[in-house]
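Note sheet for the following structure.
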Amino acid sequence: MMVIEADRLTKRYGDFEALHSLSFKIEKRSITAIVGPNGAGKSTLLKIIAGLINRTSGHLTVLGEDPWKSQDLPKELSVILDRPYLPLYLTVEDVIREVISEFNTSYSDVINILDILNLSIFLKNKVKELSTGTRQKLQIAFSLLKNPEIIVADEPTATLDVASRFEVYNTLLRLREKQGVTVLISSHIASELLTISTHLLAINNGIIRYNNEISKLIRKDLLEEFYIVVDNIGKALDCLKSFKTEVLGNQIKVRGDIRKIVSILTENNVKIFYLRNSILDKSILGEIGWG
Ligand SMILES: Nc1ncnc2c1ncn2[C@@H]1O[C@H](COP(=O)(O)OP(=O)(O)OP(=O)(O)O)[C@@H](O)[C@H]1O
């Protein structure tokens, strides 16, 4: 079943055409990575899907409705933007009280989601005392409370460290598995996003360069080879004994399920400064005309 259908979707800002006649479909329960360099049109596309701005021409339906005109769609769709918008001088607990009345949810539901994202420890803190990453996770937690059918996330992990980024990815995966949520998530870093995505929609200069299942584009073994930089190489190698590892300068090359690898290192208090699969980024993005 398709939840989003776009046909010759075009967006112009004045004389500048940011999206050129895009046609695509998004399947229910898919996680679509929307990747492309800065200025490719990712935010424009996601804002149109979320009903925040209107298209110039073409057709678009989201859950069968026109997102620009629909009154009901905002209930089914959660939007996560790259920067959190939260009241700075309230405590997290106060924000939760507001959220409960807004979303008609219960305190325990909120706490459940905060627990998943390791946010419960901040209940008594004012928002202004939290790091940007923590604020962003809080915004994500709140946006999940209305049990959305679709999550539209525009670079939601841009301000987060590696461990927090993976907490967000794992939460999105869980929501998809348990509640059948459909996710569209953009990033200009492709490799880690591809490890949780079912589909890739790559755009450059407002044109779709690739739109298909990840499995049709990338060999599975390529998704299992990552380079990481950590604060303590010895401890990291110790924790990752059951994985194939190789030390290359200040990087560790590791093979395996990257989500497991990140969670083992995080549990053992190894800080990950950098994580990338540059081969994947280069070869895939080269193929789609970027990089
Ligand atoms: N409100 C606007 N008015 C005029 N031009 C705009 C506006 N918003 C975006 N653009 C232009 O449209 C193009 C696509 O921008 P968009 O923000 O959608 O790209 P993006 O892929 O999300 O990039 P980034 O990763 O930098 O956010 C860019 O050339 C941008 O300058």
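Treat the numbers as computed from the prediction; the structure is a model and nothing was measured. Start at 1 and go down the list; that is how both ligands and their atoms are numbered. Only this structure's heavy atoms are used, side chains among them; waters, hydrogens and symmetry mates stay out.
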Would you sort out whether N170 and V262 count as a side chain to side chain contact (heavy atoms under 4.5 Å, CB included), showing the intermediate values?
CA-CA 11 Å; N170 289 336; V262 171; over 6 Å; no
Carboxylate-amine/guanidinium proximity below 4.0 Å for R12 and E17
yes
So if I apply the side chain to side chain donor-acceptor pair (under 3.5 Å) rule between R55 and each of T10, D66, T44, which one comes out positive?
D66
Nearest protein heavy atom to atom 1 (N) of ligand 1: under 4.0 Å?
yes
Residue pair I34 / K42: nearest heavy atoms and the distance that separates them
O-CD, 3.6 Å
Any idea which atoms of ligand 1 are less than 4.0 Å away from a heavy-atom of S43?
17 (O), 18 (O), 20 (P), 22 (O), 27 (O)
Give the residue, atom name and distance (to 0.1 Å) of the protein heavy atom nearest atom 25 (O) of ligand 1.
K42 NZ, 2.9 Å
Determine the minimum heavy-atom distance between V247 and G249, stating which atoms define it.
CG1-O, 3.6 Å
Give the residue and atom name of whichever protein heavy atom lies nearest to atom 9 (C) of ligand 1, and the separation in Å to one decimal.
Y13 CE1, 3.3 Å
Could you tell me which atoms of ligand 1, counted from 1 in the order shown, lie closer than 4.0 angstrom to a heavy atom of A18?
12 (O)
For the pair K75 and D72, evaluate salt bridge (charged side-chain N to carboxylate O under 4.0 Å, His left out) and give the outcome as yes or no after the intermediate values.
CA-CA 6 Å; K75 292 188 206 112; D72 297 329; 3.5 Å; yes
Should you measure from each heavy atom of F16, which atoms of ligand 1 turn up under 4.0 Å away?
11 (C), 12 (O), 13 (C), 29 (O)
If you scan protein heavy atoms around atom 19 (O) of ligand 1, the nearest is G41 N, 3.1 Å
Does L200 offer a backbone N or O that forms a donor-acceptor pair with the side chain of S197 under 3.5 Å?
no
Ligand 1 atoms nearer than 4.0 angstrom to some heavy atom of P37 are 21 (O)
Does the protein place any heavy atom closer than 4.0 Å to atom 30 (C) of ligand 1?
no
heavy-atom search around atom 16 (P) of ligand 1 in the protein gives T44 OG1, 3.7 Å
Nearest to atom 14 (C) of ligand 1, what protein heavy atom do you find, and at what distance?
G39 O, 3.4 Å
Measure centre to centre between the rings of F16 and Y13, then say whether the value is under 6.0 Å.
no
